[in-house]
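Small disclaimer: the values here were computed from a predicted structure and weren't measured.
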Amino acid sequence: VQAAPQQVAEDKFVFDIPDYENINHVVVFMLGTIPFPEGMGGSVYFCYPDQSGMAVWQLLGFVTNDKPSAIFKISGLKSGKGSQHPFGAMNLPQTPTVAQIGISVELLENLAQQTPVASAAVSSVDSFTEFTQKMLDNFYNFASSFAVTQAQMTPNPSEAFIPANVVLKW
């Protein structure tokens with residue numbers, strides 16, 4: 001958790017992300033100690049150095065007092081193109097192995113009109129559904145690892161056998 005941003009302007013803050021090549025998702029959240037001013041929120045930008053070392057900024061989304069946290073997928077962004085952003089005119093230090101998250105405090109009306117990069121959105125499937133699907137896939141793979149043919153079965157009156165296709169049908 002990085003709770004100490006660099007303030008680069010009155011309404012702009014950046015957080016350094018070392019070793020960003022090995023990070024898939026970034027979670028941005030408010031600590032709850034200082035809310036945004038009334039009618040304001042924060043645009044969340046991701047910046048990484050391209051092959052020539054130039055900073056590429058991409059809009060991920062936003063956080064507000066009503067939506068104080070968000071998860072963004074950054075693993076697919078490293079090959080995308082940059083967009084218009086409020087950090088463009090600033091000469092922020094950028095090293096080849098460090099990415100940055102930028103927060104720009106803006107009016108809520110402006111936040112609603114911005115279009116984040118599509119690949120930053122995290123799955124809209126709720127976490128319980130996703131967990132259940134993965135758990136059942138894991139269960140089927142585990143149970144299948146014990147599969148034997150009828151010829152390989154040895155009679156044991158204390159064991160019940162369930163055909164694998166029954167689990168698949170379910």
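- Taking CG of Asn65 as the reference point, atom CD1 of Ile34 lies at 11.5 Å (rounded to 0.5 Å).
- Within the 4.5 Å cutoff, the side chain of Pro68 has no heavy atoms near those of the Val63 side chain.
- Both Val28 and Met40 are part of a single hydrophobic cluster, where members link through side-chain heavy atoms under 4.5 Å apart.
- Test Trp57, Tyr45, Phe15, Tyr48 against Gln100 for side-chain contact (heavy atoms from CB on, under 4.5 Å) and you get one pass: Trp57.
- Side chains of Thr64 and Asp66: no donor on one and acceptor on the other come within 3.5 Å.
- Here the closest heavy-atom approach between residue Cys47 and residue Ala55 is recorded as SG-CB, 3.5 Å.
- With side-chain heavy atoms closer than 4.5 Å counting as contact, directly or through intermediates, the hydrophobic cluster containing Phe142 also holds Phe146.
- Taking hydrophobic clusters as Ile, Leu, Val, Met, Phe, Trp and Tyr residues chained together by side-chain heavy-atom distances below 4.5 Å, Val44 does not share a cluster with Leu108.
- With values rounded to the nearest 0.5 angstrom, Glu109 atom CD is found 12.0 Å from Gln114 atom CD.
- Surrounding CD of Gln150 are at most 12 heavy atoms belonging to other residues, nucleotides or ligands under 6.0 Å away.
- Counting only distance, with no hydrogens or angles, the side chain of Lys73 and the backbone of Asn24 share no donor-acceptor pair below 3.5 Å.
- Annotation: Glu38, atom CD; neighbour count of heavy atoms from other residues, nucleotides and ligands within 6.0 Å does not exceed 12.
- With a 4.5 Å cut-off on side-chain heavy atoms, Phe72 and Val27 do not count as touching.
- A donor-acceptor pair is defined here as one N or O able to donate and one able to accept, closer than 3.5 Å; such a pair exists between the side chain of Gln7 and the backbone of Glu10.
- Among all heavy-atom pairs drawn from Met30 and Pro35, the shortest one is CE-CA, 3.9 Å.
- At a threshold of 4.5 Å between non-hydrogen side-chain atoms, the residues Val14 and Ile101 do not count as touching.
- Put simply, Phe62 and Phe13 are part of two different groups of oily side chains (I, L, V, M, F, W, Y) that touch within less than 4.5 Å, one to the next.
- Taking CG of Leu111 as the reference point, atom OG of Ser43 lies at 4.5 Å (rounded to 0.5 Å).
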### Message
One pair to check against side-chain contact (heavy atoms from CB on, under 4.5 Å): Ile23 and Ile17. What are the steps and the verdict?
### Response
CA-CA 9 Å; Ile23 297 174; Ile17 305 174; 3.4 Å; yes
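- Judged purely by distance below 3.5 Å, without hydrogens or angles, the side chains of Asn138 and Asn141 never pair a donor atom with an acceptor atom.
- Between Gly42 and Ile103 the shortest heavy-atom distance is CA-CG2, 4.2 Å.
- Atom CG of residue Leu60 and atom CD1 of residue Ile74 lie 8.0 Å apart, to the nearest 0.5 angstrom.
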### Task
Begin with the C-alpha distance, continue with both residues' side-chain angles, and end with the deciding distance and a verdict on side-chain contact (heavy atoms from CB on, under 4.5 Å) for Lys134 and Asp137.
CA-CA 5 Å; Lys134 288 183 179 184; Asp137 284 343; 5.5 Å; no
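- How far OG of Ser75 is from OH of Tyr20: 13.0 Å, rounded to the nearest 0.5 Å.
- The side-chain heavy atoms of Val26 and Ile71, taken from C-beta on, include no pair separated by under 4.5 Å.
- Between the side chain of Glu159 and the main chain of Asn156, no donor-acceptor pair closer than 3.5 Å is present.
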